[in-house]
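Take a look at the structure below.
Computed from a prediction, not measured in an experiment: that's the story for all the values here. Side-chain atoms are counted along with the backbone in the values below, which use heavy atoms only and exclude waters and symmetry mates. First listed ligand is number 1; within each ligand, the first listed atom is number 1.
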Amino acid sequence: MKIGFFDSGLGGLIALKAVAKALPQYDYEFYGDTANLPYGDKSEEEIFTLTKAGIKHLFDRDCLLVIVACNTASAETLRRLQDGFLKTEYPDHRVLGVIIPTVEELVSGDIKHALLVGTKRTVASGKYERELAKLTDAPLITSRATPELVPLIELGEAEAALGSLVATVRGVGEVDAVILGCTHYSLLKDGLRAALPELKIISQDEIIPTKLADYLERHEEIKSKLSEGSTRNVYLTDNSARYDHVIRELLGGAFIEA
Ligand code: DGL
């Protein structure tokens, strides 16, 4: 069986690329809901319905484990899906989010005050703050919604997106770390590090591979069922030709379903 990746768009491919590099032997299936992007401005109910459909698609495509790379879907929807849909319809399958691993990474570093940037829905959910509050030695966290970034990144306007992100970080001032709390923002990490070298930039594509490897080591019942054919399939709900180059760049080519 395979490992699935769910995201509202193409951002999750950055996380998949990093995971597939660290664990190349497994078979991966990506679901990007490009027809319904952006999720960040949608209601919780809409995000729930769309995320459930995406996860079900991945399970039906033989995924045993799905990483919900999308922060917006991880923020509120994930727990609801794990407690309901998963338990009743797919009790042997697993769905993992990205927020808890990110928060753990934050606490393990020497950080006093972090800025979280994410979609409106991720920031409004307060999920990062709630998860941090459960841990000791948690840094102070300030959050800012940056809804302009995802449309710019999807359109390939990375420079404009970076300029806007740098201005947001400078506007907040006294922080020593920035959490890129959205899959798409990982594309801006190098530019942000170059512009603000004094800050620690936390990018989920650098966290998820190790966390997933640890998870699989601890869950032999899952690991032993994963097939090792090194395939990577990408499915987009709006499979526009303008995405081809991004997929080629990020995965070095992959089978694309119609
Ligand atoms: N990929 C989503 C996330 O990680 C954001 C993009 C969107 O708004 O759909 O939060």
Side-chain angles (χ1 to χ4, degrees), residues 4-19 30-55 58 66-79 81 95-103 105-106 115-129 131 141 143-158 160-162 164-165 168 178-189 192 201-208 211 234-238 240 243 246-247 250:
F5 270 73
F6 171 87
D7 193 33
S8 59
L10 297 177
L13 281 174
I14 306 165
L16 168 56
K17 183 185 179 185
V19 167
F30 181 83
Y31 179 100
D33 196 5
T34 41
N36 293 300
L37 183 101
Y39 276 21
D41 302 334
K42 289 187 166 39
S43 71
E44 165 53 16
E45 213 46 45
E46 285 174 295
I47 297 168
F48 178 81
T49 304
L50 294 170
T51 305
K52 185 174 158 187
I55 292 174
L58 289 167
V66 170
I67 314 294
V68 174
C70 181
N71 286 257
T72 309
S74 291
E76 284 171 296
T77 299
L78 190 62
R79 173 62 60 199
L81 283 170
V95 179
L96 304 174
V98 290
I99 295 182
I100 294 174
T102 308
V103 162
E105 175 72 17
L106 191 61
L115 169 66
L116 165 72
V117 283
T119 65
K120 276 189 207 161
R121 179 60 54 183
T122 299
V123 167
S125 75
K127 175 78 173 169
Y128 274 88
E129 288 83 347
E131 292 301 333
I141 184 166
S143 51
R144 289 283 183 276
T146 42
E148 69 286 1
L149 300 185
V150 168
L152 285 172
I153 293 167
E154 286 276 329
L155 287 171
E157 310 262 347
L162 177 63
S164 174
L165 180 57
T168 300
V178 179
I179 308 162
L180 299 176
C182 172
T183 47
H184 287 70
Y185 302 176
S186 296
L187 269 179
L188 307 177
K189 66 177 181 182
L192 195 61
I201 308 300
I202 298 175
S203 186
Q204 289 166 335
D205 60 312
E206 296 168 2
I207 300 170
I208 305 308
K211 293 288 181 182
V234 175
Y235 173 78
L236 303 177
T237 52
D238 172 14
S240 152
Y243 294 134
V246 183
I247 293 168
L250 288 174

**Message:** Can you give me the closest heavy-atom contact between Ser186 and Ile14, atom names plus distance?
**Reply:**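 Minimum heavy-atom contact is CB-CG2, 3.9 Å.
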**Item:** Check: Tyr31 ring centroid to Tyr235 ring centroid under 6.0 Å
**Value:**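 Yes, the ring of Tyr31 comes within the 6.0 Å limit of the ring of Tyr235, centre to centre.
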Under the salt bridge (Lys or Arg N to Asp or Glu O under 4.0 Å) test, which residues partner [X], sequence neighbours left out?
{"X": "Asp33", "value": "none"}
{"X": "Glu105", "value": "none"}
{"X": "Lys189", "value": "Asp205, Glu206"}

**Request:** Start with the C-alpha distance between Val123 and Thr146, add both sets of side-chain angles, then the distance that settles side-chain contact (heavy atoms from CB on, under 4.5 Å), and finish with yes or no.
**Result:** CA-CA 9 Å; Val123 167; Thr146 42; over 6 Å; no
**Asked** Near ligand 1, which residues have a heavy atom under 4.0 Å away from one of its atoms?
**Response**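 Contacting ligand 1 under 4.0 Å are Asp7, Ser8, Leu37, Pro38, Tyr39, Gly40, Cys70, Asn71, Thr72, Thr119, Val150, Cys182, Thr183, His184.
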